[in-house]
Asks: 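Encoded as structure tokens, here's the structure I'll be asking about.
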Amino acid sequence: MELPPEPLLFKRLLLTVVLLASTVAAELTLNPEHLDEEKDGSLIWRIQGAPTGDVNYTWYRGNGSLEENMLISYNSSSQSRICGPENTGRENVTDKGFLTITKLQFNDSGIYTLGVTSPGDYQVATGQIQIWERLLTPNLTVSKVNVQAYMDEVTFTCHPNNTGDFQIEWHGIFLTGIKTGQWKVSSDNRTITGWVFPFQTGPYRCSLSSLVSWESSESMWLNVYYGPNSISKTSSPTYFRDTVEAKLGSRVNLECRATSMPSCRYQWHLNGTALPTNNSNISIKNLSWSDVGTYRCIAENPGTQVVLYDTFILKVAEEFMIGQYSYTLYQGSVILLSIGVGLGLLYLIGGLIFYLVSKRPWARAGPQPD
Ligand SMILES: *[C@@H]1O[C@H](CO)[C@@H](O)[C@H](O)[C@H]1NC(C)=O
Ligand SMILES: *[C@@H]1O[C@H](CO)[C@@H](O)[C@H](O)[C@H]1NC(C)=O
Ligand SMILES: *[C@@H]1O[C@H](CO)[C@@H](O)[C@H](O)[C@H]1NC(C)=O
Ligand SMILES: *[C@@H]1O[C@H](CO)[C@@H](O)[C@H](O)[C@H]1NC(C)=O
Ligand SMILES: *[C@@H]1O[C@H](CO)[C@@H](O)[C@H](O)[C@H]1NC(C)=O
Ligand SMILES: *[C@@H]1O[C@H](CO)[C@@H](O)[C@H](O)[C@H]1NC(C)=O
Ligand SMILES: *[C@@H]1O[C@H](CO)[C@@H](O)[C@H](O)[C@H]1NC(C)=O
Ligand SMILES: *[C@@H]1O[C@H](CO)[C@@H](O)[C@H](O)[C@H]1NC(C)=O
Ligand SMILES: *[C@@H]1O[C@H](CO)[C@@H](O)[C@H](O)[C@H]1NC(C)=O
Ligand SMILES: *[C@@H]1O[C@H](CO)[C@@H](O)[C@H](O)[C@H]1NC(C)=O
Ligand SMILES: *[C@@H]1O[C@H](CO)[C@@H](O)[C@H](O)[C@H]1NC(C)=O
Ligand SMILES: *[C@@H]1O[C@H](CO)[C@@H](O)[C@H](O)[C@H]1NC(C)=O
């Protein structure tokens with residue numbers, strides 16, 4: 001990627017960190033606290049313990065005071081400056097011997113040596129400058145925001161706006177799949193691709209990190225659509241073989257529930273005619289003959305267009321009168337009653353057989369009373 005033209009380069013892309021590798025002379029020191037990073041991308045490297053008076057300060061690139069590596073030198077008595085072969089026009093030296101570098105660049109990183117000459121004395125100090133790229137917010141894109149579980153392959157792409165050394169990391173609780181192989185990571189770590197499972201809806205993001213900087217992209221919300229796989233029905237009174245029987249005038253509730261993402265839309269039909277409701281339930285406060293019929297609930301996932309349906313048959317429970325009392329027979333109780341009647345009959349027959357069987361031996365064994 002092309003770097004933006006200066007002055008954007010040093011204003012936005014650079015971060016300087018200085019590590020001092022060594023101080024050689026006993027008195028002369030180059031310390032980190034004596035180096036300032038200015039806001040406009042300039043650097044001033046202060047020194048401590050230098051002699052005063054008639055002094056020659058000479059700065060070099062690299063470790064050592066080789067003439068061919070000279071940047072600039074200053075003679076305080078003649079107040080003259082001499083540029084060396086390594087000078088790029090951005091290096092200068094103050095009258096205190098401080099090195100200044102304007103419009104910092106990455107390749108200004110490295111070792112610098114200062115030689116200080118005064119009558120009868122020569123001292124050398126060496127230090128190191130490290131310049132890092134300030135990481136910018138990466139841009140995150142996704143191939144599709146609304147995806148169907150098991151069906152759509154998703155690709156996230158991280159777009160860094162940096163050129164230096166950094167690592168790309170991916171975040172999102174469902175990206176633990178990177179380790180399990182659900183996600184394929186490109187060799188430069190910039191894209192991840194995978195099929196998603198239900199419940200993997202959530203925020204995803206990428207981040208850049210270097211030794212001195214960390215930046216995250218905005219979170220991107222992925223919607224994973226799934227279902228419905230089944231409808232679960234409940235009713236009051238309880239249904240039996242899809243059939244709900246209730247007394248005229250009683251309260252009836254029919255309900256269908258289907259789990260999906262996004263949530264299902266519900267429709268109800270009575271005998272094939274759509275009812276004006278979109279609830280998952282039908283509530284009848286006072287059952288009348290006009291309410292009976294076949295109810296069909298239809299659950300549709302508006303995201304996946306998957307449609308499921310189920311039915312209830314609503315009937316009026318039969319009532320019959322004995323004297324002044326009225327009884328209601330529900331299908332369930334009819335069965336229980338039949339079983340009850342059946343058990344009663346069995347008991348009677350069993351009793352009769354026992355009576356017959358137990359009577360005979362008694363009749364044979366003992367003498368007949370007169
Ligand atoms: C500079 O060179 C000297 C001698 O060659 C060496 O002892 C010293 O460790 C070097 N300093 C750095 C920072 O490389
Ligand atoms: C500084 O320059 C003056 C005049 O050229 C010279 O006499 C003096 O020796 C120089 N000082 C050093 C430390 O080189
Ligand atoms: C300071 O000393 C260095 C090394 O001897 C020399 O190359 C340079 O010209 C001198 N600088 C000045 C301003 O006299
Ligand atoms: C270095 O700084 C001095 C004083 O600020 C200035 O006069 C001189 O022109 C500068 N030299 C270079 C090479 O920038
Ligand atoms: C340092 O980097 C700048 C800009 O990136 C380039 O113009 C220059 O040639 C480089 N200098 C060296 C010594 O590599
Ligand atoms: C991020 O990516 C989107 C989609 O490609 C694009 O519209 C937007 O301009 C990008 N933003 C930056 C800062 O690159
Ligand atoms: C990269 O960053 C620069 C500086 O912040 C910005 O001006 C530029 O729009 C960014 N480019 C992209 C593609 O994000
Ligand atoms: C990709 O990420 C892995 C794990 O974080 C890392 O070990 C590897 O160096 C990265 N590769 C690149 C090219 O960034
Ligand atoms: C149910 O409706 C019937 C006929 O419309 C009415 O006579 C009765 O009072 C209603 N019962 C209740 C509890 O609302
Ligand atoms: C259900 O119907 C109501 C009123 O007609 C409407 O405001 C609502 O958005 C509908 N809900 C769904 C999930 O369709
Ligand atoms: C039926 O569903 C609606 C909306 O989902 C709810 O407000 C109402 O309480 C439900 N009725 C019953 C009896 O469950
Ligand atoms: C629905 O159909 C059943 C059976 O044909 C019928 O008994 C019932 O009256 C019908 N209900 C409605 C509301 O049309």
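Whatever order the structure lists them in is the order used to number ligands and atoms, beginning at 1. Since we're looking at a predicted model, the values are computed, not measured.
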Asks: At less than 4.0 angstrom from any non-hydrogen atom of Ser290, what atoms of ligand 12 do you find?
Replies: 13 (C)
Asks: Does the N or O separation between Asn92 and ligand 4 drop below 3.5 Å for any pair?
Replies: yes
Asks: Would you say atom 4 (C) of ligand 12 has a protein heavy atom nearer than 4.0 Å?
Replies: no
Asks: Using a 4.5 Å cut-off on heavy atoms from C-beta on, say whether the side chain of Leu222 contacts that of Val147.
Replies: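 Val147 reaches Leu222 side chain to side chain.
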Asks: Using ring centroids (six-membered ring only for Trp), state whether Trp183 and Trp170 fall under 6.0 Å.
Replies: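 Aromatic pair excluded; centres sit 6.0 Å or further apart.
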Asks: Quick test: of every protein heavy atom, which one is nearest to atom 7 (O) of ligand 4, and how far off is it to 0.1 Å?
Replies: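 That would be Arg81 NH1, 4.5 Å.
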Asks: For Thr117 and Asn56, does a side-chain donor sit closer than 3.5 Å to a side-chain acceptor?
Replies: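 Note: Thr117 and Asn56 side chains miss the donor-acceptor criterion.
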Asks: Taking only heavy atoms of Gly293 into account, list the atoms of ligand 12 that are under 4.0 Å away from them.
Replies: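 Counting atoms of ligand 12 from 1, those under 4.0 Å from Gly293 are 1 (C).
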Asks: Short list, please: which atoms of ligand 3 are under 4.0 Å from a heavy atom of Ser80?
Replies: 13 (C)
Asks: Is there any N or O on Asn271 that sits under 3.5 Å from an N or O of ligand 12?
Replies: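 Checking ligand 12 against Asn271, an N or O pair does fall under 3.5 Å apart.
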Asks: List every atom of ligand 3 that sits less than 4.0 Å from any heavy atom of Ile82, numbering the atoms from 1 in the order shown and giving each element.
Replies: 9 (O), 12 (C), 13 (C)
Asks: Classify the ring geometry between Phe312 and Trp268 as parallel (under 30°), tilted (30 to 60°) or perpendicular (over 60°).
Replies: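 Taking Trp268 first and then Phe312, their aromatic rings lie parallel (interplane angle under 30°).
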Asks: Measuring from atom OG1 of Thr137 to atom CZ of Arg205, what distance do you get when rounded to the nearest 0.5 angstrom?
Replies: 12.0 Å
Asks: Does ligand 3 have any atom that is closer than 4.0 Å to a heavy atom of Glu67?
Replies: yes
Asks: Side-chain donor-acceptor pair under 3.5 Å between Thr243 and Arg241, yes or no?
Replies: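 Arg241 and Thr243 do not have a side-chain donor-acceptor pair below 3.5 Å.
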Asks: Can you find an N/O atom of Leu270 closer than 3.5 Å to an N/O atom of ligand 12?
Replies: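 For ligand 12, there is no N or O atom that lies under 3.5 Å from one belonging to Leu270.
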Asks: Who gets closest to atom 10 (C) of ligand 3 by heavy atom: Val55, Asn56, Thr117?
Replies: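 When every heavy atom of Val55, Asn56, Thr117 is considered, Asn56 comes closest to atom 10 (C) of ligand 3.
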Asks: For atom 13 (C) of ligand 3, what's the nearest protein heavy atom and its distance?
Replies: Asn75 CB, 3.3 Å
Asks: Any atoms of ligand 3 less than 4.0 Å from a non-hydrogen atom of Thr58? List them with their elements.
Replies: 1 (C), 2 (O), 3 (C)
Asks: Got the closest protein heavy atom to atom 9 (O) of ligand 12, with its distance?
Replies: Val292 CG2, 4.2 Å
Asks: Please walk me through it: do Phe197 and Tyr226 pass ring pair (Phe, Tyr, Trp, His ring centres under 6.0 Å)?
Replies: CA-CA 8 Å; Phe197 303 123; Tyr226 62 87; over 10 Å; no
Asks: More than 12 foreign heavy atoms under 6.0 Å from CG of Asn107: is that the case here?
Replies: yes
Asks: Please determine whether the number of non-hydrogen atoms from other residues, nucleotides or ligands lying under 6.0 Å from atom CD of Glu218 exceeds 12.
Replies: no
Asks: Kindly determine whether Tyr204 and Val142 satisfy side-chain contact (heavy atoms from CB on, under 4.5 Å), including the steps that lead there.
Replies: CA-CA 10 Å; Tyr204 294 78; Val142 65; over 6 Å; no
Asks: Pull out every atom of ligand 3 sitting under 4.0 Å from any heavy atom of Ser73, numbered as shown with elements.
Replies: 1 (C), 8 (C), 10 (C), 11 (N), 12 (C), 13 (C)
